[in-house]
Each structure stands twice: as C-alpha cells, then as structure tokens.
> 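My questions all concern the structure below.
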There are 4 protein chains.
Amino acid sequence: MSPRNAERDLQMRERRIDQILDAAREVMAVKGIGSAGINDIAAEAKISIGNIYHYFTSKEEIFSALLKRGQVGYGKLVAELAAENGTAVEKLLKLSKAWLAADNVWTQTILLVSSRMSELTSPEEREAITGRFAANLTPLAAIFEQGIREGTLRDGDPLEHAMYFVSFMQGLVLQQVPGIRVPVALRAERVVSYFRSEKTE
Amino acid sequence: MSPRNAERDLQMRERRIDQILDAAREVMAVKGIGSAGINDIAAEAKISIGNIYHYFTSKEEIFSALLKRGQVGYGKLVAELAAENGTAVEKLLKLSKAWLAADNVWTQTILLVSSRMSELTSPEEREAITGRFAANLTPLAAIFEQGIREGTLRDGDPLEHAMYFVSFMQGLVLQQVPGIRVPVALRAERVVSYFRSEKTE
Amino acid sequence: MSPRNAERDLQMRERRIDQILDAAREVMAVKGIGSAGINDIAAEAKISIGNIYHYFTSKEEIFSALLKRGQVGYGKLVAELAAENGTAVEKLLKLSKAWLAADNVWTQTILLVSSRMSELTSPEEREAITGRFAANLTPLAAIFEQGIREGTLRDGDPLEHAMYFVSFMQGLVLQQVPGIRVPVALRAERVVSYFRSEKTE
Amino acid sequence: MSPRNAERDLQMRERRIDQILDAAREVMAVKGIGSAGINDIAAEAKISIGNIYHYFTSKEEIFSALLKRGQVGYGKLVAELAAENGTAVEKLLKLSKAWLAADNVWTQTILLVSSRMSELTSPEEREAITGRFAANLTPLAAIFEQGIREGTLRDGDPLEHAMYFVSFMQGLVLQQVPGIRVPVALRAERVVSYFRSEKTE
DNA sequence: AATGAATGAGCGTTCATTCAT
DNA sequence: AATGAATGAACGCTCATTCAT
C-alpha cells in the first residue's frame, strides 16, 4: 500500500529471483543442463513449482536470465580489472585465475554454448547474448592494448587477442567439467604465457 | 540354406550404421544435441524409427558411436600429420585449418563436452572417451616436440602444449556454431602464432 | 504460509490412490492383466496419465499396491473370522462363500500368480508377497486346528490343510473368470465338505 | 512333386510345428507368458522369425495351438488312465503325481487361465478351449464313479468331483511357479486323501 | 504471493507382423 | 521354404506448464 511496502515487495521479488537463479545454477552444476528440471530448481530454491512461474514465464527464461546475470557479472569483473592500477600482465593473470578457479564458470560456458545452439532461442535473444559477449571483449581488449604498449604482450589487434583469449579460456574451462581427469594440469601462468611477448618473459 | 547373401548383408549393415550416424550428426547440427530426437534422426536417415534399433540399442549409443567415430577419425588425422614430412609449424597450420574449416567439428566438440557432463554416460564409457582424448594428444605432442627441436615452437612440455592447443581449438570452434556472428574472424595462422617462438616469427 | 489445507490434501491423496487402484482392478477385470495399460487405468479413473505418476512411480507399483491391498484385506478377513465365535465348519463355510462370492477375487489371484511369475518383480517384492501369503495362512490354520479339536475337520497338520485349502480356493476361483461357463456349479458347501471329517457330515 | 515328396513335406511341416511349440513352451517357462516374444521363440527354435509365419499366422495362434496340444495330451493321459486296470485310488494317485511332477504343467495352466482372460481370444476359440476342458472331465469322472462304486472315494456326483479335483490340482500347480517357496510341501497322497472316503483310509 | 495437483504432448523404446530377396 | 531387415502403432513414462484453492 504505502510506498514503503511497494519497495519492500520489489526487494523481495529481487531476492526471490536471485534465489531461483542460484538454485538453477546449482542444479545445472550437479545434474547437467539437460537434466535440470524446474522441479529440481524449485526443490533447490525451496520454493513451489507454481511460484517459480510468478517470477519467470518459462524455464527458458530462467536460463536466459542466468546467462545474462553471468555475462553482466563477468563484464563488471573485466571492466573493473581494466580500470585497476597494475600492469597488463598482472591483470591478465588475475583474469585467468578467476576463470580457472571459479567452480561454476564452466556452467556459464555451457549455458552460453547451449543457448547459441538451441533453436528455441529467439533471434532477439541471440542478438542480446552475442551483443553482451562482444561488449565484454572491449575492456579485455583495453588490457591487451595496455600490454602491447608496455611491450609485455604480443603485438597485433587488441580486439583479436581478446577474442582468442576468451575462446582459449572457454576451451580450457570445458576441460574442467567435474568427473573428468585431464592428463595435464591447467595453470593461469601457462595460458597467459602464450600471449606474452617472449622477449620479456 | 540361406537365401541371403551374407557378405552383402554385412556391407549393408555398415552402410546403414554410417547412414544413421550421418543423420544424427546432421540433426544435431541443425537442432542441437538436446533436441535431436530419434524421430528426427530416423526421418533424416530415411529409415523407420524401429529399424534404428536394429543397429543401435539406444539413442545414447548412437551419440556414443558418433563421438567415437569422430575421435578415431581425428586420431588418424593427427597421427598421419605427425608422420608426414614437413616442419612442425606447417603441420600445426594444417591441423588448425582442418579444425577451423570442417563444418562439423563443433558438433564433435559439443558431443564431447556433453558426454562428459551427462550423468547418463557410464563410467566405462567416460573412461573410453577420456582415454581416446588423451591418446590423441600423443601425436600432437610429437609435433610440438619436433617444433621445439626445430626452434620454431615455444619451449616447454610438449604434452602440455598439446593439451592447451586442443583446448584452444575447441574453444575457437565453439564460436563457430551456426547462427552466431563473432566480431573477429578466426584464422589458423593466428592460433598457431601463439605457439610459435617469437624469435623466428 | 500455505494456502492449502494440509489435512484435506492428505485425505485427497488417499482417495486418489484408492481411485486409481479401483480403476486398475476394474480394467484388469475387463481386459486382463497383460492388456491393462496405464491409459486404460487413467481413463477408468478419470484422471490424466501424468497425474497417476504423482501417486505411483510405475505401473508395476500400481499392481504391487493393488495386490498388497488385496492381501491385507484378505488377511484381516481371515483373522477376524478366526477370532469370531462359532464352529470351525461355520467359519470355513463363511470363508469359502467369501471366496466364491466376491466378484473380483480372481483378479487378486491372477495378480498373485502373475507377480510370482513376472521376472520384473524384484526379489524383495517377491519376498514381501510370499511373506504376506504365508502370514495369511496362520489364522486359517487356527481355524483348522479348532475344527480338528472339535472333531469336525479331518486330522492332520493344520498349516498343511490351510495351504491346501487356499490352493483349492484359488483353483476354483480361476474357473470363474468372466466369459467362461463351467459344466459344474461351484458351491462353498462342496469345497468345505472335502475338509470335513466324514463321521460327522 | 511325387507323393513321396508331398508326404515328406507334410512330415517336415509337422516337425517344424512341434519344434516351434516346444520352443514357445520353453520360452514361456523361462521368461513368463507375457514376456515371451516371437523373437525369443524363433531363437529357441533355431528358426528365423519370418519362417515362423509360414506355420502360424500369429503369435496368438502359437499359444492357442500350444494350449490345444496340452489339452489333447492331457486328455489322452486321463483317458488311458481311466481305461487302465487298477483301483480308482491308484489311478487318482497316478494322475496327481503326474500333475505335481511335470515341470511344465503350470505353464499349461497359466496358458489356460490367460487364454480365458484375454479379450483377444475369439469366442469360437474360447468355446473350443472350454469344450476340451469339459471333455477332459469325462474320463476323470469315470474314475470317480469307479471309486465310489469301490467305496474308496467320497459319494457324490462324479462329474462334480472331477471338476473340483481339477480345480484343486490347478490351484496347487500354480503354487509351484519357479522362484517361489511355499511353506508346505505338496504331495499327491495329500490331495487324493481329500477325495477318499475316510472309512477306508 | 504461494501451493502442488493436474494436464497432455512428446519422448525413447518395443515388438508383432510384413516384405524383398 | 527360409531369412532377417524393415515397419509403425502402441506402450510406459517425463516434464514444462496451468489451475483451483
């Protein structure tokens, strides 16, 4: 009734949404994207199935929102990193470590790849996803530009480097799917080394 | 006794199996792995649903066989490449081009990633997949070893390089999912360049 | 919190379960156990197919529950009968009449026999069924013991008599499958007479 | 061409039919009636699936023929028994032993019960089965008549006794389904005892 | 807002039967 | 007569979504 309540309602709504998204990510991480049913998500979120549909119109939308949240979060991370003080190599190392450390990055990556493949995804949705993906490349490119200026990173188009770097990271992260043993350990230093100018290594 | 030609039957069987696997790959490529139904595969293969089950005991098995075929085929390719005459850089370039050119490599990659994630995949199956994956690294490592000897590729553990290279390629290939436009073109030369020793570039 | 009445829900659940079991029995009675499909049961119960699976995890489980309900019901009947006042012969007559009168006893019998034969039935399930079967013999054996004491029933091991009596009843009941005309009427008195001591008949 | 060949063909046909029926009985005994598929029967009979349809027009017909064969065989057995020298009690004992000994009598019994229940069975077919069943009671009734005359079997309508006796045996036989342990051993003497006149026991 | 029972289209799979050889 | 590949209707079951409360 009062603006107070309206505001509190809105906050409640935000909290519920986050709760659902967290549950969705958790379930996806444990059961795999294909086997994550909304009943699982509801159970994980400790919410009723029906109530989920008060916050999302479809399962699709949940995954879509989850992906968006991930992309936005990642975007913030890189943007902050780019704006920080420090050398480009330090920043790249930090970023690589973040990719390889985070337990659930592969979930986001799978989600991204899946959403690209799914014919269910609408063209607008695709556009949005791709747009955010491209936007997130910019601060990373800035880091590469800084590194090139500093002479510590390989020469070349900074945006191109950013794109290759992200692809590289995604490829690596997908090797970390739980239950898999890879013959070689994945280290942030190693990844970054490929992008460094050898003269200064 | 038998009014049938046994040899012909066997050939027919092989052909049908390939037919089904091709159809499965095609459907997967168009609809995505999660949405590829048996009926789609049957329709694409111009075979009845029931008949598919003369050749495969389950949908799972089809994907498993498809992945295996891809891994074996790729294994042959790298092995031949490693045994060829030529410099390591040339070989790496050839390989990169093969990855980026082949329309359906991303299908295999998705399949690989998905099979790793699916809890349906039996532990033995997983072991087999991981085993083939690891085995396929060996000839690639040999190429890296050659390159290091030749002084054209970066120093380091050849197997480690091989692992990173494959992850890199997979990450790139996943950007090529149809319907997606990436802001940067993917070029084999660029990929290889990251693994080259800068002194000789 | 909950906008639902928990107690009512629970009652509703019980009612639905009975509704489904009744439908299953009815369908089985009309179409035979092998041809009783989930869709038939759903139609008979005026419930959707999917909803059935809110109450039972499988078709198997429905039949299992139906059999159990029958066994438990029969067990109560014999136990009460054994505890009643009256002569053993009177009790046996009552029991025989119950067997021969009840329209659906043969359904239970078929179910029992089928469950024994089905390789789908798990060993634990089998054990439970056999256990209930054996347990239900005890009160019947008590009746035979009483009769022997009273000198109206044949001498011998009461449990053995009970076992033979039940087998006999089952055999008779299976002649009453609908659509069959047997050349001889089945009468409770006749059955009991075989177990009576002739001196007192 | 020659009558010789025609005759041999006919014999061959008979042999094949028996081969198939034997296989059907065997499969039914091992897998249960519901799970006996014609592929199983074909495999057991070492014959191709398609070829089975040269001898039977449907799976139904196989079971029907199997049941008929069993009924006819049983009919011969009782008829011979009735015609034999010996007392009625001896004959009844022999018959009871035959019922309880034969490993596969329960298969026939299940088949009989199932055919009665199946709505697939045509009315004519049912009539035939019931007719044979009734016909087979006659020689058994003759044995009872003899026993009554001899004063060793209970008084009463011989046909009625026959009917009850067969029902009893069927009930007992169904307890012998493999994989089941019953709390009481089944003995031919015990069964017969219920039909004996106590004065002479 | 919240619940979870109810729905039904759709899935993977089976299997009696047919057909080309 | 003999083969077994091929067919497709039908089954049991799942699950995203809706609805009555």
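Labels below follow one simple rule: chain letters A, B, ... track the order of the sequence lines, proteins then strands, and each chain is numbered from 1.
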> Does this structure show an ion pair linking A:R69 with A:D22, if we count only N-O contacts that are shorter than 4.0 Å?
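Between A:D22 and A:R69 there is a salt bridge, with a charged N closer than 4.0 Å to a carboxylate O.
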> Please report the interatomic distance CZ(C:R25) to CD1(C:I41), rounded to the nearest 0.5 Å.
12.5 Å
> Take atom CD1 of C:I47 and atom P of E:dG8, then tell me their distance rounded to the nearest Å.
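Rounded to whole Å, this separation is 12 Å.
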> Can you tell me the distance, in whole Å, between the CE atom of B:M12 and the P atom of F:dA6?
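So the CE-P distance, B:M12 to F:dA6, works out to 6 Å.
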> Roughly how far, to the nearest 0.5 Å, is CD1 of D:I49 from CG of D:N51?
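These two atoms lie 11.0 Å from each other.
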> In this structure, are over 12 heavy atoms from other groups packed under 6.0 Å from A:E127 atom CD?
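No, not enclosed.
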> Quickly work out the D:I20 CD1 to E:dA16 C1' distance and round it to whole Å.
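D:I20 atom CD1 is separated from E:dA16 atom C1' by 15 Å.
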> What is the distance, to the nearest angstrom, from the NE2 atom on C:H54 to the P atom on F:dT17?
15 Å
> Answer with yes or no whether the side chains of A:E60 and A:S58 bring together a donor and an acceptor at under 3.5 Å.
no
> Within this structure, what is the CD1-to-C1' distance between D:I41 and F:dG4, rounded to whole angstrom?
17 Å
> Let me have DNA chain E in dot-bracket notation, would you? Count Watson-Crick plus G-U wobble pairs, both distances under 3.5 Å, and use [ ] for pairs crossing earlier ones and | for inter-strand partners.
.||||||||||||||||||||
> Output yes when at least one side-chain N/O atom of A:R16 is less than 4.0 Å from OP1 or OP2 of E:dA2, else no.
yes
> Identify whether any heavy atom of B:Y55 sits under 4.0 Å from a base atom; if not, whether one sits that close to sugar-phosphate; answer base, sugar-phosphate or nothing.
sugar-phosphate
> Using a 6.0 Å cut-off, check whether atom CD of B:Q11 has over 12 heavy atoms from anything other than its own residue.
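For B:Q11, atom CD is crowded (more than 12 foreign heavy atoms under 6.0 Å).
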> Distance check needed: E:dC11 C1' versus B:F63 CZ, whole Å only.
13 Å
> Pick out the pairs of N or O atoms, protein on one side and nucleotides 9-12 of chain F on the other, that lie under 3.5 Å.
from   : atom 1 : to    : atom 2 : distance (Å)
F:dG12 : OP1    : C:K59 : NZ     : 2.6
F:dG12 : OP2    : C:I38 : N      : 3.0

> Evaluate the side-chain proximity of C:I38 to C:I62: yes if any heavy-atom separation is below 4.5 Å, no if none is.
yes
> What is the distance, to the nearest angstrom, from the CD atom on B:E60 to the P atom on E:dC11?
17 Å
> Here's a test of your reading of the structure: between B:I52 and C:T57, which maps to the more 5' nucleotide of DNA chain F?
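Residue closer to the 5' terminus by nearest nucleotide: B:I52.
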> Looking at A:D9 and A:R16, is there a salt bridge between them, counting it only when a charged N and a carboxylate O are closer than 4.0 Å?
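A salt bridge is absent here (no side-chain N lies under 4.0 Å from a carboxylate O).
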> At less than 4.0 Å, is any side-chain N or O atom of A:N51 found next to OP1 or OP2 of E:dA1? Yes or no.
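No, outside the criterion.
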> D:K46 has an atom NZ; how far is it from atom P of F:dA2, in whole Å?
16 Å
> Report yes or no: do B:E125 and B:S64 form a side-chain donor-acceptor pair below 3.5 Å?
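Distance-only check passes for B:E125 and B:S64.
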